[in-house]
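In listed order, ligands and their atoms are each counted from 1.
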Amino acid sequence: MIIILKDHAPKDEVEKLIANIEEMGVSTHIIEGERQTIIGLVGDTSRINEHDVSAHEVVDAVKRVSEPYKMANRKFHPDNTVIPMGSTSIGGEALTMIAGPCSVESEEQIIAVAQAVKESGATMLRGGAFKPRTSPYSFQGLHDEGIQLLLKAKKATGLPIVTEIMSAAHLDLFADVDVIQVGARNMQNFELLKELGHCNKPILLKRGLSSTLEELLMSAEYIMAGGNQQVILCERGIRTFETATRNTLDLSAVPMLKKLTHLPVIIDPSHACGIAWMVEPMARGAVAVGADGLIIEVHNNPQKALCDGKQSITPAAFDQLVKELRPMASLMGRTL
Ligand code: PEP
Ligand code: MN
C-alpha cells in the first residue's frame, strides 16, 4: 500500500499517522520527493482499510498495490485447491457436474431426477430446500423436509448433495449435507460467512448479482479466515442492462479468477441465462474457458416446476448435454 501525503502536511500529524500504521504490524518507508512525500507500507496490509487511512487529514491519496485477500490469493498458494468429494474431487482433473432441480418438491421428483442425472454422468446432486424468492408469496422450499428428501436421494444414488443455506440458525439441519451453498443474495451476508468459516464442509459460494470479482474473493476470504479452506466459487450471471437473458453470464470471470485464486471455479449457466435452450451452449463455453465444473438445473417436468421451470432442462436434455460436452472436456484435458 502506498500513501501519498498532502503538500505541507504537518510533521507531527505525519508522525501520528505512521505510529498508527506501525501499530497494525507493518513497517513504513518514507520517500521524500521534490514535490510529494510518499509512505510505502511493507508487510501484511490486509488488515488496513484504505478508506480509513484516506480519511486522515494529512493523506492525499491511498493506493493498494497488493490484493486485500491473502488466503484466497494464488500468489501465496500457487497450487490449485482440490476438494475431495465422494468418489471424485472438485478442482482436479474431473469436470464437476452438479445437476438437479431448483427446489426439492417431493420424494418422487428428487429421486427420479437424481437417478436420471447420475446415469448421465452427474457427480453431485443439487436441490434447494430453503429458497430465496423475490416474492414472499412464492414457494419457499420444503425446508427440513427438503433436506431429508435430498438425503434419501443421496442414499438411493450415492451422489453427494449440495443445498443452499439462508441462515446460520439452520446449520444443524445441514449436518449430513456434503456441500453448503451460499446463494448470490447472501454472498455478502458476512455473519453467515463467518459461521461457515467455522464449519468443516466445502462451501459453494455464488457471486452476488452486482458483485465484483474482488468482492467475491473477499467473501471467500471471510470463510477462509475462519479456518475453512474449502471454498468453491460460482459465477452465475450478473445484472447488466441486457434484458434478453435473466442475467449476463460473465465467462471472463473464469480465467480471471483462475489467475487471482487457487480456489475451484464453477459456472451456473441456468441462473445466468434463465432460458433452458441456452444452457447447453453456455455450458460448452464454460468448459472451453477452463471452468472446473457446472451446476445445472434439471427438472423432470419443467412446465410444472415450483421454481425456475423456464431455465430447467429435462433429464433427457441433460443426458444430451453431457454427451455434447465430452469432446470439449477432453480437449481441455478434463475427464467427464
Ligand atoms: C439456486 O441455485 O437455486 C439459486 C437460487 O441461485 P442464485 O443464488 O445464484 O440465484
Ligand atoms: Mn433456481
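Residues H170 and D144 have side chains that never bring a donor and an acceptor to within less than 3.5 angstrom of each other. In this model, no donor atom of one side chain and acceptor atom of the other lie less than 3.5 Å apart for Q115 and E119.
Residues I203 and N228 have side chains in contact (heavy-atom distance under 4.5 Å, counting atoms from C-beta outward).
By heavy-atom distance, the residue among K206, R133, E164 lying nearest atom 5 (C) of ligand 1 is E164. Within the set R236, R207, R246, H271, the minimum heavy-atom distance to atom 1 (C) of ligand 1 is found for H271.
Ion pairing between K323 and D319 holds under the 4.0 Å rule for side-chain N and carboxylate O. R334 has a carboxylate O that lies under 4.0 Å from a charged side-chain N of D292, or vice versa, which qualifies the two as a salt bridge. Here E105 does not pair with K304 in a salt bridge; the nearest charged N to carboxylate O distance is not below 4.0 Å. Classification of D178 and K154 as a salt-bridged pair holds, one side-chain N sitting under 4.0 Å from a carboxylate O.
Around the Mn ion (ligand 2), the protein atoms of type N, O or S found under 2.8 Å away are C102 SG, H271 NE2, E297 OE2, D308 OD2, listed by chain and number.
Interface of E297 with ligand 1, defined as ligand atoms under 4.0 Å from a residue heavy atom, comprises 3 (O). Counting atoms of ligand 1 from 1 in the listed order, those under 4.0 Å from a heavy atom of K131 are 1 (C), 3 (O), 5 (C).
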